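Here's the structure we're looking at; comments come further down.
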Amino acid sequence: MWAVPLASLALASTAAASLQIVPGATWTAGGTNQHIQAHGAGLIEVDSTYYWVGENHFNGSAFQSINCYSSTDLVEWTFVGELLSLESSGDLGPDRVVERPKIIYNDDTSTYVMWMHIDDSSYAEAKTGVATSSSVCGEYDYLGSFQPLGQQSRDIGLFKDDNGTAYLLSEDRPNGLRIDRLTDDYLNVTYTTHLFPEHYEAPAIYKQDGVYFMFGSQLTGWSANDNKYTTSTNLNGTWSSWADFAVSGTDTYDSQTSYVIKIGDTVMYMGDRWISTNLMASTYIWLPLTIEGTNASLNDPTSWILPASGPWTAGGTETTNEAESSSNTLSNGATVISCSGCSGSESVGWIGGPDNGTLEIRNVTSDASTTTTIQIRFENGDSTQRYASVAVNGVSQVVAFLPSDNGNTPATSVLNAQLESGDGNVVVFSAYEEGYGPDIDRLLVPEE
Ligand SMILES: *[C@@H]1O[C@H](CO)[C@@H](O)[C@H](O)[C@H]1NC(C)=O
Ligand SMILES: *[C@@H]1O[C@H](CO)[C@@H](O)[C@H](O)[C@H]1NC(C)=O
Ligand SMILES: *[C@@H]1O[C@H](CO)[C@@H](O)[C@H](O)[C@H]1NC(C)=O
Ligand SMILES: *[C@@H]1O[C@H](CO)[C@@H](O)[C@H](O)[C@H]1NC(C)=O
Ligand SMILES: *[C@@H]1O[C@H](CO)[C@@H](O)[C@H](O)[C@H]1NC(C)=O
Ligand SMILES: *[C@@H]1O[C@H](CO)[C@@H](O)[C@H](O)[C@H]1NC(C)=O
Ligand SMILES: *[C@@H]1O[C@H](CO)[C@@H](O)[C@H](O)[C@H]1NC(C)=O
């Protein structure tokens with residue numbers, strides 16, 4: 001048997017980590033073949049696996065389920081199950097609002113505790129709900145809802161401090177943003193630790209080196225704004241004045257805060273880019289956040305690598321394969337069409353469908369044999385997703401493509417696949433269940 005030192009095993013797994021996070025893209029989940037439905041999310045790590053928990057908006061804004069996905073690399077996600085499901089009546093019934101689920105683990109009771117915003121469709125109830133489970137991504141028992149300390153509560157967050165004491169972050173519309181201390185079992189609140197009189201929502205707290213960072217957005221509904229942060233060395237204050245953490249005027253790179261978490265050596269901002277007219281098409285803006293002392297500033301890479309340890313890196317250089325290139329093989333009705341917003345003003349349409357229109361790209365180049373993240377630029381003029389079977393070197397998977405703003409800049413869908421070193425990688429787009437795929441503009445392939 002080979003004596004493989006542990007250190008080289010660790011090195012091997014880091015070297016293989018060239019998967020990339022592509023903010024704002026369609027992220028297809030394993031197990032559903034759909035764009036991930038986990039909006040207004042929280043993230044929790046248990047035994048080296050990450051669990052992403054959020055709102056399912058597949059069918060619109062009303063409550064459908066709280067979904068849980070798992071991953072070990074934060075790029076390839078698999079649907080695990082619904083933690084809370086639609087019931088025939090009550091808080092989890094039809095036409096209800098169940099938003100911003102967050103989960104923390106109570107070490108004393110060995111219980112996962114979920115808090116969420118509970119409301120009616122006009123947001124008049126303004127309550128929190130609590131649910132518990134013995135398994136992070138298992139079924140949760142819904143305990144009920146109430147107004148914490150008798151105060152209105154809409155957007156919420158949870159923060160568990162190093163010493164185990166936890167807090168509800170709660171937007172109280174008449175009074176401001178609250179930090180409410182939870183009871184030791186995390187199932188109720190005891191008193192307000194701090195009340196910010198300023199009006200911010202979508203709250204998230206992150207702590208580093210004894211400094212608490214409170215992030216939040218302004219109150220502009222589904223539209224993005226310049227989100228703000230404030231710091232303090234005590235949760236009860238004094239807090240600094242609120243400041244931007246992304247470049248002012250970018251509306252936080254068109255996103256709203258949902259969670260902030262440290263992964264390895266990187267602090268990651270998780271935000272939502274809401275599409276209010278078609279909520280299921282809302283995407284996830286996950287970006288590296290630089291924290292220095294009491295300063296927080298958000299980076300905005302188009303794509304980035306989040307290693308298990310060591311600094312994050314930008315996605316780097318890419319080679320381009322144009323779908324309409326004459327070196328590709330188009331068959332069964334797939335054909336080059338004009339596309340004003342596409343590179344070269346052309347794309348390939350009529351992929352898939354009953355005739356199984358097929359686009360084969362034979363000279364996809366990589367400097368390394370590695371699992372990597374290819375960006376597919378596409379257009380989809382429907383209001384629902386399109387899908388394609390995409391085979392990379394013979395290994396097939398289903399990729400979803402969200403609605404895009406047709407005729408304008410193409411949207412992006414990510415394809416995580418194993419490439420071989422050299423220029424002979426083959427990517428084939430064909431039909432998934434006889435449906436038509438999107439119009440493909442081009443592939444962007446990381447060079448290494
Ligand atoms: C969407 O709604 C349809 C019809 O009610 C239902 O069959 C389907 O399961 C729902 N999908 C999700 C993901 O909630
Ligand atoms: C944790 O620290 C906070 C702030 O100092 C304190 O109020 C709380 O009682 C502490 N919790 C425990 C379990 O020691
Ligand atoms: C939470 O605490 C309040 C105040 O102590 C109490 O009135 C209320 O019944 C508690 N709620 C639950 C769900 O235990
Ligand atoms: C604020 O919290 C700190 C501990 O974090 C505590 O020492 C201090 O007494 C608290 N101040 C007030 C006014 O409650
Ligand atoms: C934080 O750091 C950034 C980048 O160095 C700088 O532009 C910004 O002014 C700093 N913000 C604050 C509030 O100090
Ligand atoms: C693939 O081949 C075509 C035609 O030779 C060429 O235009 C294109 O640049 C090649 N792409 C790559 C990534 O090598
Ligand atoms: C469509 O064509 C691709 C590429 O030749 C093939 O792998 C796939 O099986 C075909 N799909 C159907 C449904 O015939």
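Throughout, numbering of the chain's residues begins at 1 and tracks the sequence. All of these numbers come straight from a predicted model, not from anything done at the bench. All ligand and atom numbering here is 1-based and tracks the order in the structure.
Side-chain contact annotation: Q37 with E55, donor-acceptor N/O pair under 3.5 Å absent.
Looking at heavy atoms from C-beta onward, T193 lies in side-chain contact with Y167 at the 4.5 angstrom threshold.
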**OP:** Take F58 and H35 through the ring-ring contact (aromatic ring centres under 6.0 Å, His included) test and state the conclusion after the steps.
**Re:** CA-CA 9 Å; F58 192 81; H35 177 58; over 10 Å; no

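For Y284 and W27, the ring centers are positioned less than 6.0 Å apart. Proximity of the aromatic rings of F196 and W242 is defined here by a centroid distance below 6.0 angstrom, and this criterion is met.
Below 30°, between 30° and 60°, or above 60°: for Y69 and W52 the angle between ring planes is between 30° and 60°, a tilted geometry.
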Any protein N/O atoms within less than 3.5 Å of an N/O atom in ligand 2? List the atom names and distances, or say none.
| residue | atom | partner | partner atom | Å |
| --- | --- | --- | --- | --- |
| ligand 2 | 2 (O) | N163 | ND2 | 2.3 |
| ligand 2 | 7 (O) | R181 | NH1 | 3.0 |
| ligand 2 | 9 (O) | R181 | NH2 | 3.1 |
| ligand 2 | 11 (N) | N163 | ND2 | 2.9 |
| ligand 2 | 11 (N) | T165 | OG1 | 2.6 |

